[in-house]
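Only one structure is covered here, and it is reproduced in the block below.
When a residue number appears, it is its place in the shown sequence, counting from 1.
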Amino acid sequence: FAKLNRIDRKHKQILISEKKLLKGISSLMNSVSKSESLFILEELKFSFEKLSATLTERIFIIRMGLINWVDRSIQKLK
């Protein structure tokens with residue numbers, strides 16, 4: 001039973017990262033201005049850095065290259 005709880009917690013943590021990512025991308029797609037896009041990307045980067053406190057989240061974020069992608073996107077907008 002304890003093992004199932006651990007698996008369930010890990011699954012929920014990954015879903016948090018995915019939800020943050022999808023929300024950020026959706027906001028970017030709906031954004032019309034460069035400054036608004038830049039703000040959304042910076043918020044997304046902050047969210048990823050905050051989420052990476054747990055090992056499972058850090059692995060997901062690193063494997064997906066999310067922070068690097070956000071950094072490159074920010075640099076393109078500046």
Side-chain angles (χ1 to χ4, degrees):
F1 185 71
K3 187 175 182 177
L4 290 175
N5 282 338
R6 189 174 69 240
I7 291 170
D8 187 47
R9 278 194 310 272
K10 286 181 181 180
H11 186 263
K12 286 179 182 175
Q13 288 174 340
I14 290 173
L15 289 178
I16 292 169
S17 295
E18 292 170 346
K19 287 178 185 176
K20 294 270 186 190
L21 177 61
L22 292 174
K23 181 180 176 188
I25 290 173
S26 295
S27 297
L28 283 171
M29 290 172 57
N30 295 328
S31 133
V32 291
S33 72
K34 183 177 175 179
S35 62
E36 195 175 332
S37 294
L38 190 57
F39 175 78
I40 292 167
L41 285 167
E42 288 171 348
E43 285 293 311
L44 187 59
K45 181 179 178 183
F46 176 75
S47 294
F48 287 147
E49 289 170 345
K50 187 174 155 186
L51 279 173
S52 68
T54 67
L55 181 61
T56 305
E57 293 291 339
R58 189 173 25 244
I59 290 169
F60 175 76
I61 290 168
I62 290 170
R63 279 191 180 166
M64 295 293 293
L66 299 176
I67 293 177
N68 291 336
W69 175 78
V70 171
D71 281 336
R72 283 191 310 272
S73 298
I74 288 171
Q75 293 304 316
K76 286 179 186 177
L77 288 173
K78 287 186 175 183

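Not a single donor-acceptor pair under 3.5 Å links the side chain of K45 to the backbone N or O of D71.
Evaluation of the side chain to side chain contact (heavy atoms under 4.5 Å, CB included) rule for S35 yields S33 as partners, not counting sequence neighbours. In this view, E42 and L38, I74, K78 satisfy the side chain to side chain contact (heavy atoms under 4.5 Å, CB included) rule, not counting sequence neighbours. Taking N68 as the reference, nothing meets the side chain to side chain donor-acceptor pair (under 3.5 Å) condition, with sequence neighbours excluded.
Here Q75 contributes atom CD and L41 contributes atom CG; the two are 11.0 Å apart, rounded to the nearest 0.5 Å.
In the hydrophobic cluster analysis, where Ile, Leu, Val, Met, Phe, Trp and Tyr join through side-chain heavy atoms closer than 4.5 angstrom, W69 is grouped apart from F46.
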